[in-house]
Student: 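If you scroll down you'll find the structure; I have some questions about it.
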Amino acid sequence: HALAWRARCRAAVAARADRPRLRNGVTIVFDEPIAFTDGSAHARLEVVIEPGRPRAVRFRPLGGGGLYRIGNLHRHRYAVEGVVT
């Protein structure tokens, strides 16, 4: 049982390492639009990270508007474009 659990842990860490890192100002493009509780759905969002709160990642639609949270981001397939240095 322990060997199988360790194998799942290693697979999860490897999958996380393959994900692109989110930085402030980059655009993420989801394979499918994400529906939010206000009734809107977006496939392209800008990453907004508050200064001093690196784990408080929010997302803003490219056309402007409010900020959104995505609780299960790791379950969605996405690509990062517009890397800001």
Side-chain angles (χ1 to χ4, degrees):
H1 175 70
L3 291 176
W5 175 77
R6 287 185 188 106
R8 287 192 310 271
C9 289
R10 284 187 205 101
V13 168
R16 219 173 319 150
D18 290 343
R19 291 276 177 149
R21 184 163 183 197
L22 298 179
R23 298 191 185 277
N24 203 19
V26 299
T27 301
I28 58 173
V29 181
F30 293 95
D31 288 353
E32 297 178 9
I34 303 217
F36 295 98
T37 57
D38 66 353
S40 66
H42 303 284
R44 297 173 62 91
L45 297 166
E46 176 188 0
V47 176
V48 179
I49 301 174
E50 296 179 33
R53 296 185 66 200
R55 297 190 67 161
V57 179
R58 305 289 186 256
F59 302 93
R60 176 182 298 133
L62 294 182
L67 295 175
Y68 295 104
R69 291 187 311 171
I70 302 174
N72 293 320
L73 183 63
H74 65 281
R75 294 185 181 175
H76 298 281
R77 296 186 59 173
Y78 63 89
V80 175
E81 55 182 45
V83 176
V84 176
T85 57

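Below, all heavy atoms of this structure are taken into account, side chains as well, without hydrogens, waters or symmetry copies. None of these values were measured; they are calculated from a predicted model.
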Student: Classify the ring geometry between Tyr68 and His42 as parallel (under 30°), tilted (30 to 60°) or perpendicular (over 60°).
Tutor: tilted
Student: Hey, could you give me the CD1/CZ distance between Ile70 and Phe30, rounded to the nearest 0.5 Å?
Tutor: 3.5 Å
Student: Looking at CG of Leu45 and CZ of Arg58, how far apart are the two atoms once the value is rounded to the nearest 0.5 Å?
Tutor: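 One finds 13.5 Å between CG of Leu45 and CZ of Arg58.
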Student: Between CG of Asn24 and CD of Glu46, what distance do you get to the nearest 0.5 Å?
Tutor: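 So the gap between those two atoms works out to 7.5 Å.
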Student: Do you know the tightest heavy-atom contact between Val29 and Arg44?
Tutor: CG2-NH1, 3.5 Å
Student: Clusters formed by hydrophobic residues whose side-chain heavy atoms approach within less than 4.5 Å: which one holds Val48, and what are its other members?
Tutor: Leu67
Student: Shortest non-hydrogen contact from Ala41 to Pro33?
Tutor: CB-CB, 4.2 Å
Student: For the atom pair CD1 (Ile34) and OH (Tyr78), what is the distance rounded to the nearest 0.5 Å?
Tutor: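 The OH atom of Tyr78 is 10.5 Å from CD1 of Ile34, to the nearest 0.5 Å.
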Student: According to ring pair (Phe, Tyr, Trp, His ring centres under 6.0 Å), who are the partners of Phe59, at least two apart in sequence or on a separate chain?
Tutor: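 With sequence neighbours excluded, Phe59 shows a ring pair (Phe, Tyr, Trp, His ring centres under 6.0 Å) to no residue whatsoever.
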